[in-house]
Amino acid sequence: MAGFYGGDTEQMRMHGAASQRGAQRIADITAAMGASIDSVLWQGPDAEAFRALWHSSVKPGMLARAEEVRATGQELDQHAEQQEQASGDEGGGLLSTLRDIARDIFGPGGVTGPLLGRPLSRDLLDTLRGGLGDWSRGGGAGGPQEFYGGEGYASPGQAAGADRPVGNLLDLGGDLLEGREIDGDFGHLDVTAQGAWSAGANGSTDPFGNMSGTIGLRGGMELGADARLNGPDGTGIETSSQIGMEAYAEAGGTIGPDGLALGASAGSGVYASNTATLDGGDHGSLTYGHTAFAGADASANAWSHATRNEDGDVNGWTVGADARAFAGAELKHTFAAEAPGGWGFVEGSASALGGGGIGGGYGATLSTDEVSISLSGTVAKGLGLEGSGTIGINPNAIVDSFTPGDYNLDDMISDGADLVDRGKDWLSDINPF
C-alpha cells in the first residue's frame, strides 16, 4: 500500500467542483432576488430605501462572496495538481502541501473567511446547508469508510493475517499455501501457513476524507485451517482453527470530517484458537469458540465517529473506549448468536485467568444498520456481569422483512431529506425578499 503523501486529490477536485457550483448558485439566487426586488409592486420611501440598500450593499456583497467561493474552487484544483506533483517528490512534498492547505483554510481569503467576523446572511446559511447535505450524503463518494481499529487492522491473535501493514519501511509476508485445498458444492477446506512482518509508518485517506495513520512494528507466524460443510437452503457448519505466535508495538488513529479514533497496543505471546458455527441461513446462526493465550498484552482505544451505510450516507453514530493490561495465561470462551433474518445479535465471552490483569471498556452504536451496546472487564463487573458481552438489533434488516424490495430506513430518511430540501427551495423561489 502506498504511503501517506498529503491531501486526497480526487476529494480536493470534488470540493473544488462543489465550490464552483455553489458560486454559480449564489449568483443565480442574487439575480433572482434582484429581479423580484425591482419588479415587486411596492412604492414609497421604504421601498426606495430598501432597493437602494440592495443595489449599494447587499447585492455587491453577495456577488463578492460568489467570487470568493469560485476562487476557492479554482485554488483547490490548482492544489490538487500541485499535490500530485509533490507526492512524487521526496523533498518535503507533504509539509509543503499541508502548509498550502492550512493557508487556504485559515489565511486571508481562505474558505473560512465567510465565517470569521461576518454576520450569518441567508446566502451563507444556504451555502452551509448545501455543504452539510453534501457531507451527509458522502459527497457522491463510494467505497468503505475506514477508521483505525476497524476491518483490516490487526488485533491480538491476528498479526500473521493482517490485511494492512503497520508500516511500509518493512512489509513482508503472505500465505505459503494459497488457495483452497478442497473446494466443491459440498463445502471447502483451506489450510494456511502464513506470516507477516511490517515496520515503520503507514497512512491512507478513505473516500470521505478521513485520514488514518499507524506507526510501529508487528510480526507473527500462524498455522490454520478453515472448513465448511454445506447443508440445504444455505445452511451449513463452519470451523476455524489457528495456532501461532506474535509480537507487536504500534499506535495509530483516524481523524476526519466523520470523527476520530485513536489506539495503541503492545504485547507478545503464543495462542491457539478454535471456533465452530452452525449456520442456519435465513434462520440465524450460533457460534462457539475458545482461545488460549500465554504472554503479555496492553492496549487502549477510543473512538467517536459517524457511521455510513453501503451507499456512503451517514446513518448513525458510534462511540466507545477500552483499556487492558495482562500478563500470564488466559483461556477465553466466546459465543455469538444471530437472530433469523439478521434482526439482531448477541455476543459474549468469559475468561479463566492464570496471571495478573486489569481492564474494561464500553461501546455503543446507534444507526439504521445497528443499535447495540457492549460492556467488558471491570465496566461489566460493576453492573454485576461476568466476562464481556454485546447485544444489539439491526433495524434495516427488520424493516426489509416487512417492506417490498430493498426499501428500508435509509431510503425513508433519504426521501424525507430530499422532500425537506425541495420544500425549502420552493419557499426560497416564491419569497420576493
Just by distance, no angles: are the side chains of [X] and [Y] close enough, under 3.5 Å, to form a donor-acceptor pair?
X    : Y    : value
T291 : S273 : no
N315 : N309 : no
Q242 : Y271 : no
S241 : N274 : yes

[atom1]-[atom2] distance between [X] and [Y], expressed to the nearest 0.5 angstrom:
X    : Y    : atom1 : atom2 : result
R228 : H188 : CZ    : NE2   : 7.5 Å
S376 : Y362 : OG    : OH    : 11.5 Å
D190 : D175 : CG    : CG    : 7.0 Å
R164 : T214 : CZ    : OG1   : 7.5 Å
M245 : S268 : CE    : OG    : 8.5 Å
S299 : E250 : OG    : CD    : 10.5 Å

For the CD1 atom on I243, are there more than 12 heavy atoms of other groups (residues, nucleotides or ligands in this structure) within a distance under 6.0 Å?
no

CG of L189: more than 12 outside heavy atoms within 6.0 angstrom?
yes

N202 side chain near N168 side chain, heavy-atom distance below 4.5 Å:
yes

4.5 Å side-chain heavy-atom contact, S198 and L172
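Sidechains of L172 and S198: no contact.
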
For [X], give me all partners under side-chain contact (heavy atoms from CB on, under 4.5 Å), at least two apart in sequence or on another chain.
X    : value
E67  : R70
A339 : W343
A199 : L170, L217
T318 : W303, H305, T307, T365

Which atom of [X] lies closest to which atom of [Y], heavy atoms considered:
X    : Y    : answer
T277 : S285 : CG2-CB, 4.4 Å
G184 : N230 : O-ND2, 4.4 Å
L223 : A193 : CD2-CB, 3.6 Å
P207 : P144 : CD-O, 3.5 Å
T192 : A225 : OG1-N, 4.4 Å

All salt bridge (Lys or Arg N to Asp or Glu O under 4.0 Å) counterparts of D322, not counting sequence neighbours:
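With neighbours one apart ignored, the set is empty.
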
Backbone N or O of [Y] within a donor-acceptor pair of the [X] side chain at under 3.5 Å?
X    : Y    : answer
D297 : G267 : no
D206 : E146 : yes
Q145 : V314 : no
T254 : Y148 : yes
S367 : D369 : yes

Test log, rule side chain to side chain contact (heavy atoms under 4.5 Å, CB included), inputs T235 and D279
CA-CA 5 Å; T235 62; D279 183 1; 5.8 Å; no

Check the pair S240, D226 against side-chain hydrogen bond (donor to acceptor under 3.5 Å, both in side chains), reporting the backbone distance first and the verdict last.
CA-CA 4 Å; S240 179; D226 298 316; 2.6 Å; yes

Would you tabulate the side-chain donor-acceptor contacts of residues 325-334 under 3.5 Å, counting partners in other chains and residues two or more places apart, or write 'none'?
residue, atom, partner, partner atom, Å
E330, OE1, R324, NH2, 3.0
E330, OE2, S351, OG, 3.1
H333, ND1, Y288, OH, 2.8
T334, OG1, G289, O, 3.4

Take D258 and F147, measure what side chain to side chain contact (heavy atoms under 4.5 Å, CB included) needs, and give me the verdict at the end.
CA-CA 10 Å; D258 288 345; F147 270 83; 3.8 Å; yes

